[in-house]
Amino acid sequence: GPVNHSVSYGVHVIPALTFELDSHLVLMAGFNMFSLGLHGVSAYNNETGLWNSASSFSLAASEMDPESFLTDISLGFLFRF
């Protein structure tokens, strides 16, 4: 039937290390070769008046290829107010 509203969501958790450079600046390294995830979608069916939902859980690991190892690491800075 016709769907008038739908909502989708997703959350990924990856391991990371942080190093506090000072009281406001933090260096963060994320390791994208492992992840846990939760994904879902909910849709409202206008004909039945019901919400239908589906969700999935994921555990992922990429192969440890030396050529792509540096692309599996993300570096960034966080500024805390």
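Remark: aromatic rings of Phe79 and Phe77 are distant, center separation not under 6.0 Å.
The NE2 atom of His5 sits 11.5 Å away from the CG atom of Asn45 when rounded to the nearest 0.5 Å.
Placement of Ile73 and Leu17 within a single hydrophobic cluster is found when ILVMFWY residues are connected by side-chain heavy-atom separations under 4.5 Å, directly or transitively.
Proximity of His39 to Ser55: side-chain heavy atoms (C-beta onward) are nowhere separated by under 4.5 Å. Considering only heavy atoms from C-beta on, Ser74 stays 4.5 Å or farther from Phe31 through its side chain.
Looking at every heavy atom in both residues, Phe34 comes nearest to Ala61 through CD2-CB, 3.9 Å. The two atoms that bring Ile14 and Ser35 nearest to each other are CG2-CB, 3.8 Å, heavy atoms only. Nearest heavy-atom pair across Leu59 and Leu36 is CD1-CD2, 3.2 Å. Nearest heavy atoms, His12 versus Gly37: ND1-CA, 4.2 Å.
His24 places a side-chain N or O within 3.5 Å of a backbone atom of Arg80 that can act as its donor or acceptor partner.
With sequence neighbours left out, the side chain to side chain donor-acceptor pair (under 3.5 Å) criterion links Ser42 to Ser53. In this structure Leu50 satisfies the side-chain contact (heavy atoms from CB on, under 4.5 Å) test together with Thr48, sequence neighbours excluded.
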